[in-house]
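So the structure is just underneath, and the comments pick up after that.
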Amino acid sequence: MGAVLGDVLGFAAAVAVSPLPIIAIILILATPRGRLNGVLFTLGWILGLAALGAVMLAIASPAGASAHKQPATWVGALKLALGLFLVTFGARMWHRRPRDPSQAKLPKWMGAIDRLAPVKIFGLGLALAALNAKNAPLTIAAGASIGSAGLPVGQQIASLAIFVVIATLGLLAPLAVFLLGGERARTTLGNWKEWAAQHNVAVMAVLFFVLGLKLFGDGISVLTS
């Protein structure tokens, strides 16, 4: 189990520092129902990651993700494909990044966050975790790594739970600052939002490129072993 955690913690950390969800929760916390909406957004995020990871584990076990304690061929092919996707996506993001960080623009949907009902806030957290083109490949890769390790079911679930917790730290930090930070919380969160907005594209481009190369290498290793 230790080897599996070592393999998936990098994916979890990359999900955790994804700037867009962090910006989203900071904007949500600034709304009149910020306390409730912030918790609902985080719960939706947790459910989205857990559900996508659980689906991957459910697919991996009966599909023979682990053959004689070694990852099956299809796991290698999946990692190879995900790695290629992330490398390509990262290179494209880097090429399209704003040359002047101060000119970076946030997605238009963020402008409507203050008008969303609590149930839609929950759904937004769910979607950003499970359906986002940036986070979903990392969660799928983590699920494939866990499922391909030949662990007992209990250890698979525990590994996925640890992945979800680490991947949620990026949201838990601003939520904790908001709930415990008092008067200084808004200033602190505003500074975080400003930095994340300016460097969102560059941060994610580098992360995707590095993790994509790792997945690509892992896939080649599995296919040639």
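Quantities reported herein were computed from a predicted structural model and do not represent experimental measurements.
Linking Ile, Leu, Val, Met, Phe, Trp and Tyr whenever their side-chain heavy atoms come within less than 4.5 Å puts Val203 and Leu189 in one cluster. When the side chains of ILVMFWY residues are joined at heavy-atom separations under 4.5 Å, either directly or via intervening members, Leu9 and Val165 end up in two distinct hydrophobic clusters. Residues Val17 and Val164 are members of one and the same hydrophobic cluster, defined by side-chain heavy-atom contacts under 4.5 angstrom among Ile, Leu, Val, Met, Phe, Trp and Tyr. With hydrophobic clusters built from ILVMFWY side chains whose heavy atoms lie under 4.5 angstrom apart, Phe89 shares a cluster with Leu52. Linking ILVMFWY side-chain heavy atoms closer than 4.5 Å, directly or via other members, places Met56 and Leu80 in two distinct hydrophobic clusters.
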Side-chain atoms of residues 29-42: list all donor-acceptor pairs with protein atoms under 3.5 Å, sequence neighbours left out, distances to 0.1 Å.
unit_1	atom_1	unit_2	atom_2	d
Thr31	OG1	Ile28	O	2.6
Thr42	OG1	Gly38	O	2.9

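Note that CH2 of Trp45 is 7.5 Å distant from CG of Asn132, once rounded to the nearest 0.5 Å. Annotation: the span from Leu5 atom CG to Ile162 atom CD1 amounts to 4.5 Å, rounded to 0.5 Å. Atom CD1 of Ile121 is separated from atom CG of Leu126 by 13.0 Å, given to the nearest 0.5 angstrom. Between the CD1 atom in Ile22 and the CG atom in Leu175 there is a gap of 12.5 Å [rounded to 0.5 Å]. Once rounded to the nearest 0.5 Å, the distance linking CG of Leu78 with CD1 of Ile140 reads 7.0 Å.
Crowding of Phe216 atom CZ: a count of heavy atoms from other residues, nucleotides or ligands under 6.0 Å not exceeding 12. Around NZ of Lys120, the count of heavy atoms belonging to other residues, nucleotides or ligands within 6.0 Å does not exceed 12.
The one candidate from Asn135, Leu128, Ile23, Leu138 that meets the side-chain contact (heavy atoms from CB on, under 4.5 Å) condition with Ser18 is Asn135.
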For this session: May I have the step-by-step check of side-chain contact (heavy atoms from CB on, under 4.5 Å) for Ile26 and Phe178, ending in yes or no?
Result: CA-CA 9 Å; Ile26 291 174; Phe178 178 80; over 6 Å; no
Exercise. What do the steps show when you test Lys79 against Ser221 for side chain to side chain donor-acceptor pair (under 3.5 Å), and what is the final call?
Worked result: CA-CA 10 Å; Lys79 289 189 173 184; Ser221 177; over 6 Å; no
Problem set entry | Test side-chain contact (heavy atoms from CB on, under 4.5 Å) applied to Leu151 and Ser159, step by step | CA-CA 10 Å; Leu151 297 175; Ser159 298; 4.0 Å; yes
For this session: Could you walk me through whether Phe11 and Leu215 pass the side-chain contact (heavy atoms from CB on, under 4.5 Å) test, one step at a time?
Result: CA-CA 10 Å; Phe11 301 132; Leu215 277 173; 3.6 Å; yes
Exercise. Between Leu20 and Met110, is a side-chain contact (heavy atoms from CB on, under 4.5 Å) present by the stated rule, with each step listed?
Worked result: CA-CA 10 Å; Leu20 279 184; Met110 284 192 170; 3.6 Å; yes
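Side chains of Trp192 and Val177 form a contact here, defined as non-hydrogen atoms less than 4.5 Å apart.
The shortest non-hydrogen separation linking Ala130 to Gly48 is CB-O, 3.6 Å. For the pair Ala205 and Gly90, the tightest heavy-atom approach, listed with the atom from each and the gap, is CB-O, 3.4 Å. Looking at every heavy atom in both residues, Leu86 comes nearest to Pro137 through CD2-CB, 4.1 Å. Leu57 and Gly143 get closest at one heavy-atom pair: CD2-O, 3.5 Å. Here the closest heavy-atom approach between residue Ala91 and residue Phe209 is recorded as N-CD1, 4.4 Å. Across Ile25 and Pro174, no two heavy atoms sit closer than the pair CG2-CG, 3.7 Å.
Residue Val206 belongs to a hydrophobic cluster whose other members are Trp94, Val210, with links defined by side-chain heavy atoms closer than 4.5 Å.
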